[in-house]
Amino acid sequence: MKLSILDQVPLTEHAPTRSAALASGLALAHDADRLGYHRIWFAEHHNSRSFASAAPEMMTALALERTSRIRVGTGAILLPYYPAQKVSETMGLLSEVHPGRVDTGLGRAALNDPNYAAKIASLVQEFGTNHPQPEGEPVGGIWVLGAGGSSAPLPGTLGAGYVHGHFLRPVGGEAATSAYREAAAQSGHTPHTVLAVRFVTAGTEERAHELAEALLLWRVRKDFGHDGPIPSTAAAASYKWSAQERARAQERSQALIVGTPATVRAQLLALAESHGADELMLNTLVNDPEDRLNAYQLVADCLID
């Protein structure tokens, strides 16, 4: 099973400034390369008090210079904001300097763009022609990210890869990935299916749940209009939850895999099998970068051959 990382470059109580968060994200890329992860992608978030990565193509460039083996890319460039030509020129430049190591992940979030499909088709055609990829990678290193399922068939018809965001919507993913593979088969393309999953793990069950409690506190408060850094476990332990917040935390926990490495491993493999995914892209949000690195280390130890 291939393992990869989606880094949202979180602001935390431990690293509250953007410069500290960005440095932590680039350090993670270096560590992911060392640990044997297949790829690391950087997300795009604007006007956020939780995440520091507003320009994933820039993070990709910086991370490529700090690594030697791992594939690096965007997860995702929010394509409705940009002309396809701008994405082509930016990511194409990186592919020229680092051939065979650059991924271009594309998404739209909730943004409307009537030219979305046409933009993706043009990028797949151009990158497929000008930037050949190693065996086992989709045409041109182009990936489409989705969570609702409506965009899943599109990359299948084009030969691009599909990444389903389980951590955004933990139900319905099986149908989406199946629709993608069916579209790929009908179009004569090899499918490349990745499942993006959020997890929390530590050496003990108790510690894993302490970290998860802090993550859920961040998520719930964000849902109710308080966008801010990922809190510490101490802050979560002393927080006075309302009944409404607890109910929302229970709901949000359905999209989170929590436990010891053995528990997490079993659940991740089960999700990969049910979704027909040949790769897992992992994401964890914790306050301390040491806890984050420890989590990726523990999962790598039990899932990377």
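Throughout, residue positions are numbered sequentially from 1 according to the sequence presented. The shown structure was predicted, so the numbers you read here are calculated from the model rather than taken from an experiment.
- Using a 3.5 Å distance cut-off with no hydrogens or angles, the side chains of His275 and Glu273 do not pair a donor with an acceptor.
- Of the N and O atoms on the side chains of Glu210 and Thr233, not one donor lies less than 3.5 Å from an acceptor on the other residue.
- Of the N and O atoms on the side chains of Asp301 and Gln297, at least one donor lies less than 3.5 Å from an acceptor on the other residue.
- A salt bridge between Arg248 and Glu251 is present, with a side-chain N of the basic residue lying under 4.0 Å from a carboxylate O of the acidic one.
- Judged by distance alone, the side chain of Arg18 and the main-chain N or O of Leu11 form no donor-acceptor pair under 3.5 Å.
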May I have the step-by-step check of side chain to side chain contact (heavy atoms under 4.5 Å, CB included) for Asp288 and Thr12, ending in yes or no? CA-CA 8 Å; Asp288 192 331; Thr12 73; over 6 Å; no
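- With Gln267 contributing its side chain and Val264 its backbone, the two residues share no donor-acceptor pair below 3.5 Å.
- The side-chain contact (heavy atoms from CB on, under 4.5 Å) search around Arg101 returns Leu64, Thr67, Ile70, Val72, His98, not counting sequence neighbours.
- By the side-chain contact (heavy atoms from CB on, under 4.5 Å) test, Ser178 is found to be paired with Arg181, residues two or more places apart in sequence or in another chain being considered.
- Side chain of Tyr239 to main chain of Ala234: no donor-acceptor pair is present (N/O by atom type, distance under 3.5 Å, no hydrogens or angles).
- The side-chain contact (heavy atoms from CB on, under 4.5 Å) search around Leu303 returns Leu3, Arg265, Leu268, Leu269, Val299, not counting sequence neighbours.
- Counting heavy atoms of neighbouring residues, nucleotides and ligands inside a 6.0 Å radius, atom OH of Tyr81 does not exceed 12 of them.
- Other residues, nucleotides and ligands contribute at most 12 non-hydrogen atoms within 6.0 Å of the CD atom of Gln125.
- Ring to ring, Trp241 and Phe224 are not that close: their centroids are 6.0 angstrom or more apart.
- In this structure, Tyr296 has its ring center under 6.0 Å from that of Phe199.
- Asp227 and Arg221 are not joined by a salt bridge, as no carboxylate oxygen comes within less than 4.0 angstrom of a charged side-chain nitrogen.
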Show me, pair by pair, the donor-acceptor contacts under 3.5 angstrom made by side chains of residues 143-160, not counting sequence neighbours?
unit_1, atom_1, unit_2, atom_2, d
Ser150, OG, Arg108, NH2, 3.4
Thr157, OG1, Leu154, O, 2.7

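- No hydrogens or angles considered: a donor-acceptor pair under 3.5 Å links the side chains of Glu126 and Ser88.
- The CD1 atom of Ile257 lies 13.0 Å from the CZ atom of Phe167; values are rounded to the nearest 0.5 Å.
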Under 3.5 Å, which donor-acceptor pairs do the side chains of residues 23-32 form with other protein atoms, sequence neighbours left out?
unit_1, atom_1, unit_2, atom_2, d
Ser24, OG, Arg292, NH2, 2.5
Asp31, OD1, Arg34, NH2, 3.3

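- Counted within 6.0 Å of CZ on Arg69, heavy atoms from surrounding residues, nucleotides or ligands total more than 12; the atom is thus considered enclosed.
- Annotation: the span from His45 atom NE2 to Ser50 atom OG amounts to 8.5 Å, rounded to 0.5 Å.
- Side-chain polar atoms of Asp7 and Trp41 form no donor-acceptor pair below 3.5 angstrom.
- The side-chain contact (heavy atoms from CB on, under 4.5 Å) search around Lys119 returns Leu79, Ala84, Asp113, Asn115, not counting sequence neighbours.
- For Glu279 and Ser4, the side-chain atoms include at least one donor-acceptor pair closer than 3.5 Å.
- A side-chain N or O of Glu137 and one of His38 form a donor-acceptor pair less than 3.5 Å apart.
- Checked for salt-bridge contact, Arg246 and Glu213 meet the test: a charged N lies under 4.0 Å from a carboxylate O.
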May I have the step-by-step check of salt bridge (charged side-chain N to carboxylate O under 4.0 Å, His left out) for Arg207 and Asp291, ending in yes or no? CA-CA 10 Å; Arg207 180 58 178 169; Asp291 285 323; 3.0 Å; yes
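- In this structure, the side chains of Val87 and Thr104 come closer than 4.5 Å at one or more pairs of heavy atoms.
- Once rounded to the nearest 0.5 Å, the distance linking CZ of Arg198 with CG of Asn283 reads 4.5 Å.
- Side-chain polar atoms of Gln133 and Arg71 form a donor-acceptor pair below 3.5 angstrom.
- Within 6.0 Å of CD on Glu205 lie more than 12 heavy atoms contributed by other residues, nucleotides or ligands.
- For Ala236 against Leu217, the heavy-atom pair with the smallest separation is CA-CD2, 3.7 Å.
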